[in-house]
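Computed from heavy atoms alone, side chains included, the values below leave out hydrogens, waters and symmetry copies.
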Amino acid sequence: MDPIKLFTKWYQEEQHLCNIKIPSACCFSTNGLDGYPNARFVSLKEVLDGRFIITGPVSSRKGREILKSTKTSLSFWWTVTER
């Protein structure tokens, strides 16, 4: 199965089953400007055309890190479905 379709299915299940309203909370990790990993919690806005959409200005540290290196990751912790 396409990983984006699988994620979307799981995300919808978590949203439906979750008592709290934050299944969109995720840890977004980038390569820091200093060469070390940098992680922060963000909110997933949507999955659009196979891409995970989070928001923030390109001029922010996060934005500058993405422009320098597109190697990033998102980690979700879904307690209801344990995924």
Side-chain angles (χ1 to χ4, degrees):
M1 176 179 258
D2 176 321
I4 299 297
K5 288 181 183 176
L6 181 59
F7 172 84
T8 300
K9 178 180 181 271
W10 287 356
Y11 183 58
Q12 289 170 346
E13 288 175 8
E14 187 72 20
Q15 286 178 311
H16 178 71
L17 296 171
C18 190
N19 296 357
I20 53 179
K21 301 290 182 193
I22 59 167
S24 61
C26 53
C27 182
F28 179 63
S29 300
T30 57
N31 290 316
L33 297 174
D34 58 3
Y36 289 93
N38 189 10
R40 78 282 285 150
F41 284 90
V42 298
S43 180
L44 176 70
K45 300 303 177 192
E46 65 180 315
V47 179
L48 180 65
D49 298 328
R51 296 177 182 207
F52 296 90
I53 307 298
I54 59 172
T55 61
V58 175
S59 61
S60 70
R61 181 175 178 178
K62 172 179 60 181
R64 294 191 320 270
E65 290 172 351
I66 295 168
L67 291 173
K68 184 176 177 185
S69 173
T70 58
K71 294 180 180 177
T72 63
S73 69
L74 286 175
S75 301
F76 293 83
W77 180 37
W78 293 335
T79 57
V80 175
T81 57
E82 296 183 354
R83 295 184 176 128

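Taking hydrophobic clusters as Ile, Leu, Val, Met, Phe, Trp and Tyr residues chained together by side-chain heavy-atom distances below 4.5 Å, V58 does not share a cluster with V42. Residues L44 and W77 do not share a hydrophobic cluster, clusters being chains of Ile/Leu/Val/Met/Phe/Trp/Tyr side chains in contact below 4.5 Å. Hydrophobic clustering (side-chain heavy atoms under 4.5 Å, transitive across Ile, Leu, Val, Met, Phe, Trp, Tyr) keeps I54 apart from L48.
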Exercise. Kindly indicate, with the supporting measurements, whether the criterion side-chain contact (heavy atoms from CB on, under 4.5 Å) is fulfilled by L74 and F7.
Key: CA-CA 12 Å; L74 286 175; F7 172 84; over 6 Å; no

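Taking OG of S43 as the start and CD1 of I53 as the end, the distance is 12.5 Å to the nearest 0.5 Å. Rounding to the nearest 0.5 Å gives a distance of 7.5 Å between CZ of R64 and OG of S59. W78 contributes atom CH2, which lies 10.0 Å from atom OG of S24 (distance to the nearest 0.5 angstrom). Distance check, rounded to the nearest 0.5 Å: CZ of F41 to OG of S75 gives 8.5 Å.
Looking only at side-chain heavy atoms (C-beta outward), N38 and N31 stay at 4.5 Å or farther from each other. Considering only heavy atoms from C-beta on, Y11 stays 4.5 Å or farther from L6 through its side chain. Contact annotation: the side chain of K68 never approaches that of T30 to less than 4.5 Å [non-hydrogen atoms, C-beta and beyond]. Using a 4.5 Å heavy-atom threshold, the side chains of L17 and T81 count as touching. No side-chain heavy atom of R83 sits under 4.5 Å from any side-chain heavy atom of E14. The shortest distance between side-chain heavy atoms of S73 and S29 falls below 4.5 Å. Contact annotation: the side chain of R61 approaches that of E65 to within less than 4.5 Å [non-hydrogen atoms, C-beta and beyond].
Judged purely by atom type and a 3.5 angstrom limit, T8 uses its side chain to pair as donor or acceptor with the backbone of I4.
Under 4.0 Å is where a charged nitrogen must lie from a carboxylate oxygen, and between E46 and R51 no such pair does.
The two residues K62 and T55 have their closest heavy-atom pair at NZ-O, 2.8 Å.
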